[in-house]
Participant: 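Questions regarding the structure given below will be posed in turn.
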Amino acid sequence: MANLDLKIKIANTVATTLLLGSHYGIIVWHPLASAGATALYVLMFILQFLLIGMTIYQWLPKAPKDVFEAIGYWYLGISLLASSGTILRLWLLAMLVVVYHRLRQYPPRHKTDHALINAPFSMLTSLYVSTVLHKLWALFAITRDSDLAQTIMIILNGIIGLHLVDYSYRKDWVFALTTGWVITVRALDETDKFQLTHTVSLIVVGILVSAVLRTVLPQFIEKMHRVIARWSNRVGERTPLLS
């Protein structure tokens, strides 16, 4: 496969460095001392690990040149806006959506492509969707302090994740699982403040997890079936015929 343009490689490397080096680079929208901080840190660690992996992967000869060219300099633009305010985050989200939809034209060739290219952008897009919704709802007291309004936001967030895993041909279980994780963090943070929101959050997470399992389990079972069939064929070939 032809080598990727050096300028794009450098731009992506700088983008990852900016995201990892900024306090706001990977979306933290609640206090560090909150009850859901541990769960958020785990999610951030996974995302940072995948972003670093993607940056290293692009330098390898086997990296898909066409996919990284489709991403272009959008990733760098995203990283530059990562620490911006609410209005600019709308632009950031729009840029992420552009990359997210461009990637649908390049289905992953194998698990490595999915883990190091598609998954990081699915997680980033899901996180920024959740964050932008939260920031928009926080702009006005009527939505910021209303249990009902916060519940509507959680339901809307869940519908987006459910659509992409259950009704979209992409079956993006990474996006849905990340959405469920973020909603869980929010539920842990607001156990006492918003009772209705807390209860609905747990229901939404349950629906998202079940949708993810409906997508992942059939693929896993089919893969295990192929592995068992292959082993059976090998054993059959090695077994001597009875005379």
Side-chain angles (χ1 to χ4, degrees), residues 15 18-48 51 74-101 120-164 172 174-205 208:
L18 290 174
L19 281 177
L20 299 182
S22 171
H23 291 295
Y24 300 96
I26 319 219
I27 315 168
V28 178
W29 45 256
H30 59 278
L32 296 177
S34 63
T38 301
L40 180 69
Y41 292 157
V42 173
L43 181 63
M44 294 302 104
F45 174 80
I46 296 173
L47 176 57
Q48 291 174 9
L51 289 173
W74 289 98
Y75 181 42
L76 179 60
I78 290 166
S79 68
L80 292 174
L81 293 177
S83 59
S84 60
T86 302
I87 301 300
L88 288 180
R89 281 187 180 180
L90 291 173
W91 285 102
L92 190 156
L93 179 58
M95 296 171 71
L96 267 173
V97 170
V98 169
V99 175
Y100 185 78
H101 279 282
F121 281 103
S122 291
M123 292 181 69
L124 273 174
T125 306
S126 174
L127 282 165
Y128 271 108
V129 167
S130 301
T131 300
V132 169
L133 284 174
H134 177 80
K135 292 297 183 181
L136 289 176
W137 255 248
L139 287 177
F140 309 100
I142 191 173
T143 53
R144 181 176 60 248
D145 302 326
S146 169
D147 195 2
L148 179 59
Q150 293 293 318
T151 301
I152 293 174
M153 180 192 70
I154 293 296
I155 293 174
L156 178 60
N157 198 3
I159 288 175
I160 296 173
L162 183 64
H163 169 76
L164 289 173
D172 195 346
V174 176
F175 188 106
L177 194 60
T178 303
T179 300
W181 201 320
V182 173
I183 293 176
T184 300
V185 170
R186 184 167 177 77
L188 291 173
D189 287 346
E190 299 181 349
T191 304
D192 300 324
K193 186 177 181 181
F194 297 126
Q195 291 295 330
L196 178 61
T197 303
H198 176 74
T199 303
V200 172
S201 295
L202 297 179
I203 295 174
V204 170
V205 170
L208 289 173

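The structure displayed is predicted, hence computed values, not measured ones. The first residue of the sequence shown is numbered 1, and numbering continues consecutively from there.
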Participant: Less than 4.5 Å apart, side chain to side chain, heavy atoms only: is that true for Phe45 and Val42?
Facilitator: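 The answer is no, as the side chains (C-beta and beyond) never meet within the 4.5 Å cut-off.
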Participant: Please check this pair: side chain of Asp147 against backbone of Leu196, looking for a donor-acceptor N/O pair closer than 3.5 Å.
Facilitator: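 Yes; judged by distance alone, with no hydrogens or angles, the pair exists.
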Participant: Could you check if a side-chain atom of Val185 sits within less than 4.5 angstrom of a side-chain atom of Tyr41, using non-hydrogen atoms only?
Facilitator: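 No, side chains not in contact.
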Participant: What is the distance from atom CG of Leu43 to atom CE of Met123, rounded to the nearest 0.5 Å?
Facilitator: 4.5 Å
Participant: Distance from Leu76 atom CG to Leu18 atom CG, nearest 0.5 Å?
Facilitator: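 Rounded to the nearest 0.5 Å, the CG-CG separation comes to 7.0 Å.
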Participant: Flag the pair His134 / Val182 as yes when at least one side-chain heavy-atom distance between them is below 4.5 Å, and no otherwise.
Facilitator: no
Participant: Show every donor-acceptor pair shorter than 3.5 Å between a side-chain atom in residues 92-99 and any protein atom, with sequence neighbours excluded, or say none if there are none.
Facilitator:
none

Participant: Nearest 0.5 Å, what's the OG-CD1 distance between Ser201 and Ile154?
Facilitator: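 Atom-to-atom, Ser201:OG and Ile154:CD1 are 4.0 Å apart.
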Participant: Which heavy-atom pair separates Leu127 from Met44 by the least distance, and what is that distance?
Facilitator: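 Residues Leu127 and Met44, closest heavy atoms: CD1-CE, 3.7 Å.
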Participant: Can you tell me which residue among Trp74, Tyr75, Tyr100 is in a ring pair (Phe, Tyr, Trp, His ring centres under 6.0 Å) with Phe121?
Facilitator: Tyr75
Participant: Is any side-chain heavy atom of Met153 less than 4.5 Å from a side-chain heavy atom of Thr197?
Facilitator: no
Participant: I'd like to check Ile160 versus Thr179 (side-chain heavy atoms, cut-off strictly below 4.5 Å). Are they in contact?
Facilitator: no
Participant: By side-chain contact (heavy atoms from CB on, under 4.5 Å), which residues pair with Ala149, not counting sequence neighbours?
Facilitator: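 Scan of Ala149 (side-chain contact (heavy atoms from CB on, under 4.5 Å), adjacent residues dropped) gives Trp137, Thr143, Ser146.
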Participant: Once you round to the nearest 0.5 Å, how far does CG of Leu156 lie from OG1 of Thr151?
Facilitator: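 That separation rounds to 12.5 Å.
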Participant: Roughly how far, to the nearest 0.5 Å, is the CG atom of Leu51 from the CG atom of Leu124?
Facilitator: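 Leu124 atom CG to Leu51 atom CG measures 5.5 Å (nearest 0.5 Å).
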Participant: Just to verify, what does Thr199 make a side-chain contact (heavy atoms from CB on, under 4.5 Å) with, not counting sequence neighbours?
Facilitator: Ile203
Participant: Backbone N or O of Phe175 within a donor-acceptor pair of the Ser122 side chain at under 3.5 Å?
Facilitator: no
Participant: Donor-acceptor pair, Trp181 side chain versus Ala176 backbone, under 3.5 Å?
Facilitator: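 Pair absent, no side-chain N/O of Trp181 close to backbone of Ala176.
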Participant: Given Leu208, which of Leu162, Thr178, Leu177, Thr184 fulfils the side chain to side chain contact (heavy atoms under 4.5 Å, CB included) condition?
Facilitator: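 Running side chain to side chain contact (heavy atoms under 4.5 Å, CB included) over Leu162, Thr178, Leu177, Thr184 with Leu208 returns exactly one hit, Leu162.
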Participant: Going by heavy atoms in the side chains, are Leu81 and Arg89 under 4.5 Å from each other?
Facilitator: no
